[in-house]
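Computed from heavy atoms alone, side chains included, the values below leave out hydrogens, waters and symmetry copies.
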Amino acid sequence: MSETIAGITVPDTTLVREATALVREAADDTLFHHSRRVFLWGMLKSAARSLEVDPELAYVGGLFHDLGLTAEYRTKDRRFEIDGAEAAYTFLRDHGRSEEEARNVWLAIALHTTPGIPLHLAPEVNVVTLGVETDVLGLELEQITPEQRAEVVAAHPRPDFKNRILRAFYDGMADRPDTTFGTMNDDVLAHFDADFERENFVTIIQTNAWPE
């Protein structure tokens, strides 16, 4: 039976059920409920913008976007966003979705911490960024009605979410600090680790091997 939260229907399909089971097994409560909220916020904001979004693709994008932070899916040599994007791409192709559809979800996840780009791409890319910006950063929260907020949070609670999501980011990236260069993710490492040394883009330019 389909589930409806704040007017958004979670598709009752094999693909969605298997995506839910996969993420529920890999992620803790904080990441799972966050990922479901990302889907719901993203769909609400997409609807307000009259974007036509494939709900199955949006669901996988939302559910898998932080999968690269989990012990089962994270690597030690690439950005956590890529880990989740690769898992989503493989999952969708294995479930009969086209190369283009799977690639759009790959982009949605890979770019969800890269501001200014996703909202110029396909609706399935938009929806993940819109959801993440709402749930983590509180951007344009006023576009979600109090009633919608209450219904989503009742279904997927946010206990101590700000602290818990920061810790989840840190735990998922602490052993691959080099992958945070050029992203906002190095802010997280600097917050938790006083010894973390950021790479500096200007210094790299000034000291690289090219002679003047």
Side-chain angles (χ1 to χ4, degrees), residues 27 30-31 34-35 38 41-42 45-46 49 51 57 60-90 92 99-141 161-212:
T30 295
L31 288 181
H34 162 58
S35 298
V38 163
W41 303 138
K45 285 191 170 179
S46 294
R49 289 162 170 76
L51 296 176
L57 298 182
V60 173
L63 266 284
F64 281 57
H65 84 278
D66 276 345
L67 200 59
L69 296 171
T70 68
E72 184 173 353
Y73 287 91
R74 69 173 177 251
T75 64
K76 291 189 176 182
D77 60 353
R78 63 188 184 188
R79 287 172 55 167
F80 85 88
E81 302 96 318
I82 302 301
D83 293 336
E86 290 289 325
Y89 178 89
T90 299
L92 287 168
E99 162 69 22
E100 180 180 6
E101 291 168 333
R103 181 57 58 186
N104 279 336
V105 176
W106 189 99
L107 288 168
I109 297 171
L111 294 174
H112 82 268
T113 60
T114 305
I117 295 176
L119 300 186
H120 295 278
L121 301 175
E124 287 75 26
V125 182
N126 276 234
V127 70
V128 175
T129 288
L130 289 170
V132 169
E133 289 180 346
T134 302
D135 205 50
V136 178
L137 303 178
L139 298 185
E140 298 177 329
L141 191 56
F161 177 69
K162 293 178 181 180
N163 290 318
R164 290 185 181 187
I165 195 63
L166 284 171
R167 173 53 68 174
F169 290 152
Y170 179 72
D171 290 345
M173 296 184 291
D175 60 353
R176 44 179 166 174
D178 291 346
T179 68
T180 67
F181 172 64
T183 78
M184 64 186 71
N185 296 326
D186 62 0
D187 291 337
V188 176
L189 298 192
H191 173 76
F192 285 98
D193 183 358
D195 295 323
F196 173 64
E197 296 184 5
R198 302 172 190 250
E199 291 284 354
N200 185 291
F201 180 61
V202 173
T203 301
I204 292 171
I205 293 173
Q206 292 175 331
T207 62
N208 70 44
W210 278 105
E212 286 300 309

If every non-hydrogen atom of [X] is compared with every non-hydrogen atom of [Y], which pair is closest and at what distance?
| X | Y | answer |
| --- | --- | --- |
| Ile109 | Ala85 | CG2-N, 3.5 Å |
| Asn126 | Pro118 | ND2-O, 3.1 Å |
| Asp135 | Val38 | CB-CG2, 4.3 Å |
| Gly62 | Ser35 | O-CB, 3.3 Å |
| Val60 | Ala88 | CG1-CB, 3.9 Å |
| Trp41 | Gly131 | CD1-O, 3.8 Å |

Considering residues at least two apart in sequence or located in another chain, which fulfil the side chain to side chain donor-acceptor pair (under 3.5 Å) criterion with [X]?
| X | result |
| --- | --- |
| Glu101 | Arg97, Ser98 |
| Arg103 | none |
| Asn200 | Thr203 |
| Thr129 | none |

With a 4.5 Å cut-off on side-chain heavy atoms, are [Y] and [X] touching?
| X | Y | answer |
| --- | --- | --- |
| Glu86 | Arg78 | yes |
| Phe64 | Val105 | no |
| Leu51 | Val127 | no |

Would you list the pairs meeting salt bridge (charged side-chain N to carboxylate O under 4.0 Å, His left out) in which at least one residue belongs to residues 179-191, sequence neighbours left out?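 Listed once each, the pairs are Asp186-Arg198, Asp187-Arg198.
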Rounded to the nearest 0.5 Å, how far apart are [atom1] of [X] and [atom2] of [Y]?
| X | Y | atom1 | atom2 | result |
| --- | --- | --- | --- | --- |
| Leu67 | Glu81 | CG | CD | 12.5 Å |
| Thr180 | Tyr170 | OG1 | OH | 11.0 Å |
| Thr179 | Asp77 | OG1 | CG | 9.0 Å |
| Ile204 | Glu199 | CD1 | CD | 4.5 Å |
| Leu31 | His65 | CG | NE2 | 8.0 Å |
| Phe196 | His191 | CZ | NE2 | 13.5 Å |

Taking Thr90 for the side chain and Ala87 for the main chain, is one N or O donor matched with an acceptor at less than 3.5 Å?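 Answer holds: no.
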Would you check if the side chain of Asn208 reaches a backbone N or O of Ile205 as a donor-acceptor pair within less than 3.5 Å?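 A pair under 3.5 Å: yes.
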Check against side chain to side chain contact (heavy atoms under 4.5 Å, CB included), Asp66 and Ile165: CA-CA 10 Å; Asp66 276 345; Ile165 195 63; 4.3 Å; yes
Could you walk me through whether Leu130 and Leu119 pass the side chain to side chain contact (heavy atoms under 4.5 Å, CB included) test, one step at a time? CA-CA 8 Å; Leu130 289 170; Leu119 300 186; 4.0 Å; yes
Once the angle between the rings of Phe161 and His34 is folded into 0 to 90°, is it parallel (under 30°), tilted (30 to 60°) or perpendicular (over 60°)?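 The arrangement is tilted - the two ring planes meet at 30° to 60°.
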Parallel, tilted or perpendicular for Phe201 and Phe181, by the 30°/60° rule?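 The arrangement is tilted - the two ring planes meet at 30° to 60°.
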Name all residues meeting the salt bridge (Lys or Arg N to Asp or Glu O under 4.0 Å) criterion together with Glu124; count only those two or more places apart in sequence or in a different chain, and write none if there are none.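 Salt bridge (Lys or Arg N to Asp or Glu O under 4.0 Å) check on Glu124 returns nothing, list empty.
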Verify side chain to side chain contact (heavy atoms under 4.5 Å, CB included) between Leu166 and Phe192, making sure each step is shown before the conclusion. CA-CA 9 Å; Leu166 284 171; Phe192 285 98; 4.0 Å; yes
Flag if over 12 foreign heavy atoms under 6.0 Å of CD, Glu99: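 More than 12 heavy atoms, drawn from other residues, nucleotides or ligands, come within 6.0 Å of this atom.
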Single hit among Lys76, Arg74, Arg176 for salt bridge (charged side-chain N to carboxylate O under 4.0 Å, His left out) with Asp83: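 Of Lys76, Arg74, Arg176, salt bridge (charged side-chain N to carboxylate O under 4.0 Å, His left out) with Asp83 is met by Arg176 alone.
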I'd like to know if the side chain of Arg79 pairs up with that of Thr113 as donor and acceptor (distance under 3.5 Å, no hydrogens or angles considered).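 Result is yes, a qualifying pair exists.
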Evaluate the side chain to side chain contact (heavy atoms under 4.5 Å, CB included) criterion for residues Trp106 and Ile82: first the C-alpha distance (whole Å), next the side-chain angles of each, then the deciding distance (0.1 Å), finally the verdict. CA-CA 8 Å; Trp106 189 99; Ile82 302 301; 3.9 Å; yes
